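Okay, so here's the structure we're looking at.
Hydrogens, waters and symmetry mates are skipped; everything else that's a heavy atom, side chains included, is used. In this chain, numbering begins with 1 at the start of the sequence shown. Keep in mind it's a predicted model, so treat the numbers as computed, not measured.
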Amino acid sequence: MKLTTFFTSVAAVTGILVGGMTTASAESTLEIVKKRDHLRCQIGKPSPGFYTIDAKGDWDGFYVANCQAIAAAIFGDKSKVKYQSVGSQVRFTALANGESDLLSQSATMTMSRDSQLGLDFLQTNFYDGQGFMVRKDSGITSALQLKGAKVCVKTGSTSELNLADFSRKHNLKISAVTFEDFNVRDETYVKGGCDALTNDKSSLAANSAAFPKPKDHLILPETLSKEPLGLVVRQGDSDWANLVRWSLNAMVNAEELGVNSQNVDEMRKSDNPSIRRLLGVEGNLHDGIGLDKDWAYNIIKQIGNYGENYERYLGNGEKALGITRAGTLNALWTNGGLLYSPPMR
């Protein structure tokens, strides 16, 4: 679906939702989504690689593909998604109040978020870390040289808190210049309004691709934080959480087993019991999440496995960001990374 919703304030979201909360509490999320005949999925504001929108209003990107995977699992049709491009200030409130079914954007799992917001952060599907970007001609080669610097940062994010901690730890007396809109933040930095820019390193790489002269900027070597990113759902509906969790696991498991969007039909003929269970040829894994037996097949056929999506949007695909996966935490466990699927049996 091309329809996009932009929330401008927590108050606006809350006002919209009050009338619908009784219904949401009486029915499961899956029942509501099926009755509505589409998934309402939160994504971020347009950013290369992660969420992009074309002239026709069609969304694409790494996190967008996660939304499409859930739609494919439920409906057998990845297009049955209404995308909600939501700012960081209201994203958690909108999800907790029922305006969204799912959050798929760069939201870091933290203890306070997972335990205090009425939300469940599911397994990590992208491991990131916060860093700094500076202009090469500044002569700065280490974050420890930023004493007294003005640093552009997005408000309401873990990046803002991590910046304050880093400054305090190293007695750098950094001045944070905060922005709600990352486009305004980046423009301010490019025009010299800040000495440095801080965000997750993947986002720095993505956003700098749109700078007038990307090669004039440098990401410093220090990594400030752990930023485990994954999908988020409301607490209180474990069946929905299971559906979302195992839909993502299916994409990772498919890569582990060598199943992809191009060979998935042939793989249904395999004698490998793990492949046969994944693709619904045998067993009854689908019963536990309330879906048809072809749920994982539909994800892989229409969206691809985890590795396909990484390369398409973040890795070495034609329009990808060029963020190398090999040797990072985002590699499969068999290649030294942290990504793996629990047994699907």
Side-chain angles (χ1 to χ4, degrees), residues 44 47 50 87-89 91-92 105-117 121 124 126-211 213-230 314 321-325 327-330 336-338:
S47 177
F50 294 100
S88 60
Q89 291 291 78
R91 54 186 172 173
F92 298 135
Q105 57 169 283
S106 53
T108 301
M109 179 195 297
T110 68
M111 180 176 178
S112 58
R113 286 177 172 179
D114 194 40
S115 62
Q116 297 176 17
L117 299 181
F121 285 70
T124 300
F126 188 79
Y127 291 91
D128 211 342
Q130 186 176 335
F132 289 100
M133 176 177 285
V134 297
R135 288 173 288 279
K136 287 183 178 179
D137 62 12
S138 69
I140 296 172
T141 57
S142 167
L144 297 177
Q145 296 174 273
L146 292 171
K147 190 162 187 174
K150 292 192 297 183
V151 177
C152 287
V153 63
K154 199 166 188 291
T155 190
S157 65
T158 54
S159 297
E160 185 179 6
L161 301 175
N162 292 335
L163 176 63
D165 286 350
F166 182 79
S167 176
R168 179 181 175 186
K169 178 180 178 181
H170 297 285
N171 193 30
L172 295 176
K173 295 181 170 53
I174 290 173
S175 297
V177 184
T178 60
F179 301 86
E180 167 61 25
D181 189 325
F182 78 85
N183 289 305
V184 178
R185 177 202 63 190
D186 291 355
E187 183 179 1
T188 301
Y189 161 73
V190 169
K191 291 183 176 180
C194 295
D195 303 301
L197 171 66
T198 188
N199 201 355
D200 294 352
K201 286 188 171 182
S202 64
S203 294
L204 291 176
N207 295 349
S208 64
F211 289 0
K213 296 181 179 179
K215 293 183 179 180
D216 289 351
H217 303 269
L218 169 71
I219 297 177
L220 298 178
E222 290 86 359
T223 299
L224 279 65
S225 64
K226 297 177 291 185
E227 304 293 335
L229 310 177
L314 306 182
L321 296 177
I323 300 175
T324 300
R325 184 183 178 202
T328 73
L329 300 181
N330 292 305
L338 293 182

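In this structure, L224 CG and L163 CG are separated by 7.5 Å, a value rounded to the nearest 0.5 Å. Atom OG of residue S157 and atom CZ of residue R185 lie 8.0 Å apart, to the nearest 0.5 angstrom. Atom CG of D186 and atom NZ of K154 lie 10.5 Å apart (nearest 0.5 Å). Atoms NZ and NZ, from K215 and K136 in turn, are 8.5 Å apart once rounded to the nearest 0.5 Å. Between the CD1 atom in I140 and the CG atom in L146 there is a gap of 5.0 Å [rounded to 0.5 Å]. Taken to the nearest 0.5 Å, the CG atom of N199 stands 5.5 Å off from the CG atom of L204.
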>> Working note: Y189 + V177, criterion side-chain contact (heavy atoms from CB on, under 4.5 Å); need CA distance, chi angles, decisive distance, verdict.
In response: CA-CA 10 Å; Y189 161 73; V177 184; over 6 Å; no
>> Is there a side-chain contact (heavy atoms from CB on, under 4.5 Å) between S106 and F50? Walk through the geometry before answering.
In response: CA-CA 9 Å; S106 53; F50 294 100; over 6 Å; no
>> Checking H217 against L197 for the side-chain contact (heavy atoms from CB on, under 4.5 Å) test, could you report, in this order, the C-alpha distance in whole Å, the side-chain angles of both residues, the deciding distance, and whether it holds?
In response: CA-CA 10 Å; H217 303 269; L197 171 66; over 6 Å; no
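Residue pairs that meet the ring-ring contact (aromatic ring centres under 6.0 Å, His included) test with at least one member in residues 130-154, sequence neighbours left out, are F132-F166. Annotation: disulfide (SG to SG under 2.5 Å) contacts involving residues 140-169, sequence neighbours excluded, comprise C152-C194.
Nearest heavy-atom pair across Y127 and N330 is N-OD1, 2.6 Å. Taking every heavy atom of both residues into account, K201 and P221 meet most closely at NZ-O, 3.1 Å. Taking each heavy atom of D195 and V134 in turn, the nearest pair found is O-CG1, 3.9 Å. When all heavy atoms of S47 and N207 are compared, the pair lying nearest together is OG-OD1, 3.1 Å.
Every residue meeting the side-chain contact (heavy atoms from CB on, under 4.5 Å) condition with T110, not counting sequence neighbours, appears here in chain and number order: T108, S112, R113, T158.
Taking 4.5 Å as the limit, every side-chain heavy atom of Q145 sits out of range of all side-chain heavy atoms of L220. In this structure, the side chains of T328 and I323 stay at 4.5 Å or more apart for every pair of heavy atoms.
Checking side-chain atoms of T223 against main-chain N and O of Q130 turns up no donor-acceptor pair under 3.5 Å. Without hydrogens or angle criteria, S225 side chain to E227 main chain gives no donor-acceptor distance under 3.5 Å. T124 places no side-chain N or O within donor-acceptor distance of the main-chain N or O of P228, the cut-off being under 3.5 Å. A donor-acceptor pair is defined here as one N or O able to donate and one able to accept, closer than 3.5 Å; such a pair exists between the side chain of D181 and the backbone of N183.
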